[in-house]
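Encoded as structure tokens, the structure appears first; notes follow it.
Read the numbers this way: they start at 1 and go in the same order the structure lists the ligands and their atoms. Note: hydrogens, waters and symmetry copies are ignored here, and every other heavy atom, side chains too, is used.
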Amino acid sequence: MKHIKRFLGFTCIALCSLQSFSSFAYSEEETKIVAQLRDQALGSNLAYEILESLTTEVGPRMAGTPQDALAVKWGVEKFKALGFDKVWTEPVTFDTWIRKSEAAEIVAPFKHQLNITALGFSVPTPDEGIEAEVIHFNTIEDLIEAEEGIADGKIVFISRKMERFRDGKGYGPAVKARSTGAVEAARKGAVAVVIRSIGTDSHRLPHTGMMRYKEGIKQIPAAAMSNPDADLMLRIFERGKPVTMKLSLNSHAGPEYTSHNVIGEMTGSEFPDEKVIIGGHLDSWDLGTGAVDDGAGVAITMAAAKIIGDAKVRPKRTIRVVLFANEEQGLVGAKAYGKAHANDIANHVTGAESDFGAGPIYAFSSNVAADNMPVVHKMAKLMKPLGIEYVDNNAGPGPDLWPVYNAGMSVFSLKQDGTDYFDLHHTADDTLDKVKPENLAQNTAAYVVFAYLSANSEQKISR
Ligand SMILES: [Zn+2]
């Protein structure tokens, strides 16, 4: 008995070490393949070429515009040209908004033209414009706390400046003035609202973006002015005299429109139904050419999947690249995707979206079950040479992955340096020249590591 026990013990030790040796050997081979693909991506110009193509051949692609349709066509053709195994589109239907002319000036006490832009879904002013006294609030919170009727017949101006951070955490607190400014100003009796742009630059370019009305609250026109114009407004207010402004906005709601999510796949070698989701959003705002928001995300993830698809050894699972429709006006494509694939969420192994510009990735985090940590550690090891540190297991989803995340999919977050992102975000300055090819290549390399290892892991990743 004792003898047998010892024998079994010996066998176990022998088998266990043999097994760990074989998985070690396998892992070494995989590590070699991924490291080589990573270095290939790092030396590749493919993501930049894709971005150059999108921003040159399509340009701005606001949801519901003719360029939206052109972008969908571009996406399908680009996936096919890159040799993706499967390419298809899925319909996404939404209400549209059409930008027309927009102008503003300070009439008194000093005459100045202002550089402004209408916020997305703002109602127009009357044809003759609105001329009214301006009432200033430092923050949306100050406006909310102010007494009833304080802005009766006036234009509300909110001047809070967004703070600059690498991770973009200044955006959340500042953007409230954009999304809810019209509702809160109307509650106090205002006839229009103008805000300091939600942006960190000092260029004389206004930042557009989405705003919302609330049922039962009067819909008033809403616009944003450039940072230097907001500074000028504040200097004029310091003089203590009444400030009068004239505002003319002609943008208005348009008809319902059907766009498409564009999807391309590199099929997995062993479990083709199980997939790792990467992607970005194909729509942009209309003022720039959407190079950093979010042409970069589109280009990075298409290039990463292409490089993996061309590898000598295909990962076990499928890499699915989703170019989401209409993110900017309310995650409409993401919601449609979540609905269309609600019965297939169990096959969505994990995912990561690239939608924070074109800066280098400096860190990544995961949101996976504890027994998936070995693959995360492997990822960390292979990302380290890219200057990327592993942070924690508390990752949140990119904006377009919320619906599948809420349905239970695990996610990763590859964190880009967003120090300069809000200088460009939603402005005419969001153009290709702001993008450094070497940063796109570094991003692509990181997505290659993430997607390959996730798709090829021994154990299916879960949350
Ligand atoms: Zn975006």
Side-chain angles (χ1 to χ4, degrees), residues 47 50-51 54-55 58-65 67-68 71-72 75 92 94 97 117 119-121 162 167-172 174-175 178-179 197-201 207-211 224 259 261-262 277-302 321-337 351-359 361 396-405 411 413-432 434-435 439-440 443 447:
I50 295 170
L51 182 59
L54 176 61
T55 53
V58 182
R61 44 200 181 277
M62 186 165 77
T65 61
Q67 291 94 333
D68 179 336
V72 168
V92 181
F94 46 82
W97 178 75
T117 189
L119 298 179
F121 278 78
M162 181 186 161
D167 64 0
K169 70 180 178 192
Y171 187 60
V175 79
R178 190 186 80 207
S179 47
S197 281
I198 311 306
T200 46
D201 61 297
H207 298 234
T208 191
M210 207 44 189
M211 54 83 57
S259 181
N261 289 329
V262 185
I277 309 295
I278 54 176
H281 63 87
L282 189 53
D283 70 309
S284 75
W285 280 105
D286 51 338
L287 304 177
T289 58
V292 305
D293 188 14
D294 181 26
V298 166
I300 289 160
T301 53
M302 281 177 115
V321 182
V322 186
L323 311 183
F324 292 94
N326 197 355
E327 185 269 352
E328 294 292 0
Q329 298 175 1
L331 307 179
V332 196
K335 289 171 190 163
Y337 182 89
E353 182 182 19
S354 172
D355 183 21
F356 198 53
I361 296 171
D400 291 300
L401 294 183
W402 271 105
V404 280
Y405 172 77
V411 290
S413 170
L414 279 60
K415 298 168 190 302
Q416 290 168 295
D417 186 325
T419 308
D420 303 330
Y421 181 57
F422 290 101
D423 290 349
L424 311 168
H425 186 250
H426 299 182
T427 72
D429 240 354
D430 180 357
T431 49
L432 182 67
K434 311 305 185 303
V435 176
N439 287 344
L440 279 195
N443 273 262
Y447 271 85

Name whichever N, O or S atom of [X] ends up nearest to the Zn ion (ligand 1).
X    : value
D293 : OD1
H281 : NE2
D355 : OD1

- prompt: Are any N, O or S atoms from D294 nearer to the Zn ion (ligand 1) than 2.8 Å?
  reply: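 It does not; every qualifying atom lies at 2.8 Å or beyond.
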
query: the Zn ion (ligand 1) to E327: any N/O/S contact under 2.8 Å?
result: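 E327 does not place any N, O or S atom closer than 2.8 Å to the Zn ion (ligand 1).
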
- prompt: Are the side chain of R61 and the backbone of D286 linked by a donor-acceptor contact shorter than 3.5 Å?
  reply: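 No; judged by distance alone, with no hydrogens or angles, the pair does not exist.
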
- prompt: Are the side chain of D355 and the backbone N or O of G280 linked by a donor-acceptor pair below 3.5 Å?
  reply: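 Not at all, since once roles are kept as given, no pair shorter than 3.5 Å links the two residues.
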
field: N-O pairing of K434 and D429 below 4.0 Å
entry: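 A salt bridge is present here (some side-chain N lies under 4.0 Å from a carboxylate O).
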
task: Run through L414, I361, T301 and flag the one making a side-chain contact (heavy atoms from CB on, under 4.5 Å) with N443.
output: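 Between N443 and the candidates, side-chain contact (heavy atoms from CB on, under 4.5 Å) is satisfied uniquely by I361.
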
- prompt: Could you state the interatomic distance from CD (E327) to NZ (K335), rounded to the nearest 0.5 Å?
  reply: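 That separation rounds to 10.5 Å.
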
